[in-house]
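Here it is: the structure, laid out below.
For ligands, and for the atoms within them, numbers begin at 1 and follow the listed sequence.
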Amino acid sequence: MSLAQPLQDRFGRRIDYLRLSVTDRCDMRCSYCMPQGFSDYEEPQDWLTFEEIERVVASFARMGTSRFRITGGEPLLRRDLSGLATRLARLPGVTDMSLSTNGTQLVRYATDLKAAGITRLNVSLDSLCAERLHRITRRDALAQILDGLLVAKSCGFEPIKINMVVMAGVNEDEIEAMADYCFRHGFVLRLIETMPMGETGRNAGYVDLQPIRQRLQARFGLVDGIVGGGGPARYLVAPDGKGSIGFITPMSQHFCETCNRVRLSVDRHRIETGAPRVS
Ligand code: SAM
Ligand code: SF4
C-alpha cells in the first residue's frame with residue numbers, strides 16, 4: 001500500500017526509516033552508554049505492547065516509511081521478539097527489517113529471527129580481547145558473542161555489520177585486528193565516534209576518526225564506496241571485494257542534514273525525532 005504524501009519533517013528531510021526501541025533494558029553496561037549501576041528503567045506497564053507497535057509501524061508504512069530497525073536497550077531481552085518481527089515483516093509497505101543487538105543472545109535466537117523476516121544485523125563488538133570487552137561492557141561475554149556471530153552467519157543474515165565504538169586508550173589499538181576479523185568472516189566493520197550522551201558518553205574517550213580513516217585506506221588499499229543500509233555511515237571498500245569499513249562520525253563530520261529517520265521509544269508516553277543514536 002502506498003501513500004499520497006511521503007513523510008517529511010519540517011526541515012524537508014524525507015523520513016523513510018524508523019528505529020524502533022522495544023525495551024530500554026540491557027544485560028550489559030557499556031561505559032559510553034549506561035552508568036554502571038543503572039536500573040532506572042521504564043516500568044513494563046509503560047511499554048508499548050506488540051499490538052501498539054504493530055499499529056504504529058503499519059501507520060508509518062502507509063506513509064511510505066518502508067525500513068524498520070528493531071533496537072533497544074537490548075532488543076533480544078524483550079520476550080517473543082521473533083513473534084513481533086513476524087507480525088511487522090508481514091505488514092504491507094514494510095520492505096526491510098533489521099535488528100541491532102549486543103549479540104549475547106544470538107546463539108539462541110538467530111534462527112527464529114531470520115525465519116521471522118529480519119534480514120540484516122548490526123552487532124556491537126568493541127574488542128576481541130575478553131578481558132577488555134569485560135571492562136567496557138561490564139560483562140564477560142566475548143565467547144558468547146563470537147559464537148552468536150557464527151550462528152547468525154550460518155543463518156544467512158546479510159549483511160552483518162559490526163559496530164565498534166572507538167575509545168582513546170581503550171580499544172583504538174585494535175582497529176586493524178577488528179578489520180582483519182571482519183574481512184575474514186565477511187562482516188562489515190563500522191567504526192563509531194563516541195557521542196556525549198550525558199556523563200557516560202562524555203567520559204568515554206572521544207577519538208576523531210578522520211586520521212584513522214586515512215590510515216586504514218592506505219593499509220588495506222580501500223577506496224570510497226557504497227554499502228546499503230540507509231544509515232549515516234560513510235564507507236571505504238576494498239576493490240577486490242575483500243571487505244568494507246564504515247565510519248560513523250557524529251562529532252568530526254555531522255550528518256544531521258541527511259538524517260532520514262525517526263525513533264520510537266518503548267515508553268508509550270514519548271516519541272522522538274532525529275538520530276542521536278546510531279545503531
Ligand atoms: N544493545 C544494542 C547494541 O548494543 O547494539 C542496541 C542498542 S545500542 C544503544 C545501539 C548502538 O549505539 C550500539 O552500536 C552502541 O555501540 C551505540 N552507542 C551507544 N552509546 C553510544 C555513544 N555514547 N556513542 C556512540 N555510540 C553509542
Ligand atoms: Fe546495552 Fe547496547 Fe547500550 Fe551496550 S550499547 S549498554 S549493549 S544498549
Any ion pair linking Asp173 and Arg132 (charged N to carboxylate O, less than 4.0 Å)?
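Salt bridge: yes.
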Those atoms of ligand 1 less than 4.0 Å from some heavy atom in Thr71:
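That gives atoms 6 (C), 7 (C) of ligand 1.
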Check Met28 against ligand 1 and report side chain, backbone, both or neither, counting heavy atoms closer than 4.0 Å.
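The answer is neither.
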Which is closest to atom 5 (O) of ligand 1 by heavy-atom distance: Ser124, Pro196, Gly72?
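The residue whose heavy atom sits nearest atom 5 (O) of ligand 1 is Ser124.
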Side chains of Arg78 and Thr23: donor-acceptor distance under 3.5 Å anywhere?
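No, because no side-chain N or O of Arg78 sits under 3.5 Å from a partner of the opposite role on Thr23.
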Output the list of atoms in ligand 1 that are nearer than 4.0 Å to some heavy atom of Glu74, sorted by atom number.
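Contacts of ligand 1 toward Glu74, numbered from 1: 1 (N), 2 (C).
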Ion pair Arg25/Glu42, N-O distance below 4.0 Å
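No salt bridge links Arg25 with Glu42.
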Could you see which bit of Thr101 sits under 4.0 Å from ligand 1, with heavy atoms only: side chain, backbone, both or neither?
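The part of Thr101 near ligand 1 is the backbone, not the side chain.
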Salt bridge Glu158-Arg120, side-chain N to carboxylate O under 4.0 Å:
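A salt bridge is absent here (no side-chain N lies under 4.0 Å from a carboxylate O).
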Heteroatom distance test (Ser100, ligand 1): nitrogen or oxygen, under 3.5 angstrom
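In fact, backbone or side chain, Ser100 has no N or O that close.
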If you measure from the Lys or Arg side-chain nitrogens to the Asp or Glu carboxylate oxygens, is any gap between Arg135 and Glu131 under 4.0 Å?
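Yes.
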In ligand 2, which numbered atoms sit nearer than 4.0 Å to a non-hydrogen atom of Cys26?
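Matching atoms, with element in brackets: 1 (Fe), 6 (S), 7 (S), 8 (S).
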Output the list of atoms in ligand 1 that are nearer than 4.0 Å to some heavy atom of Val165, sorted by atom number.
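Heavy-atom distances to Val165 below 4.0 Å select 16 (O), 26 (N).
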Of all the heavy atoms in Cys30, does at least one lie under 4.0 Å from an atom in ligand 1?
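Per 4.0 Å heavy-atom rule, Cys30 does not contact ligand 1.
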Glu172 side chain vs Met167 backbone, donor-acceptor pair below 3.5 Å
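Between the backbone of Met167 and the side chain of Glu172 there is no qualifying donor-acceptor contact (under 3.5 Å).
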Charged tip of Arg234 within 45° of Phe247 ring normal and under 6.0 Å
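Verdict for Phe247: no cation-pi partner in Arg234.
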Taking salt bridge (charged side-chain N to carboxylate O under 4.0 Å, His left out) as the test, write out the residues that go with Asp24, two or more places apart.
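Partners of Asp24 by the salt bridge (charged side-chain N to carboxylate O under 4.0 Å, His left out) criterion come out as none, since no residue qualifies.
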Lys/Arg N to Asp/Glu carboxylate O, Asp208 vs Arg213, below 4.0 Å
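No, no charged N to carboxylate O under 4.0 Å.
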Atoms in ligand 1 with a heavy atom of Thr194 nearer than 4.0 Å:
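Listed by number with element: 24 (N), 25 (C).
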Between Arg29 and Thr137, is the side-chain hydrogen bond (donor to acceptor under 3.5 Å, both in side chains) condition met? List the steps.
CA-CA 5 Å; Arg29 292 287 178 282; Thr137 63; over 6 Å; no
Go through ligand 1 atom by atom and flag the ones less than 4.0 Å from a non-hydrogen atom of Ile192.
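The atoms of ligand 1 under 4.0 Å from a heavy atom of Ile192 are 25 (C), 26 (N).
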Examine Val151 and Val123 and state if one hydrophobic cluster contains both, with Ile, Leu, Val, Met, Phe, Trp and Tyr joined whenever side-chain heavy atoms are less than 4.5 Å apart.
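The answer is no; the residues belong to distinct hydrophobic clusters.
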Looking only at distances, can you tell me whether any N or O atom of Gly73, backbone or side chain, sits closer than 3.5 Å to an N or O atom of ligand 1?
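Yes: some nitrogen or oxygen of Gly73 is under 3.5 Å from one in ligand 1.
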Report yes or no: does Gly73 have a heavy atom closer than 4.0 Å to ligand 2?
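Yes, that is the case, since the closest heavy atom of the residue is under 4.0 Å from the ligand.
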Cys33 near atom 3 (Fe) of ligand 2 via N/O/S, less than 2.8 Å:
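Checking Cys33: at least one N, O or S atom is under 2.8 Å.
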Ligand 1 atoms in contact with Asn163 (distance to a heavy atom under 4.0 Å)
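Contacts of ligand 1 toward Asn163, numbered from 1: 14 (O).
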Within the structure, does Met195 bring an N/O atom to less than 3.5 angstrom of an N/O atom in ligand 1?
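Right, the criterion is met.
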Using distance alone, determine whether Tyr32 and ligand 1 share an N or O pair under 3.5 Å.
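Such a contact does occur with ligand 1.
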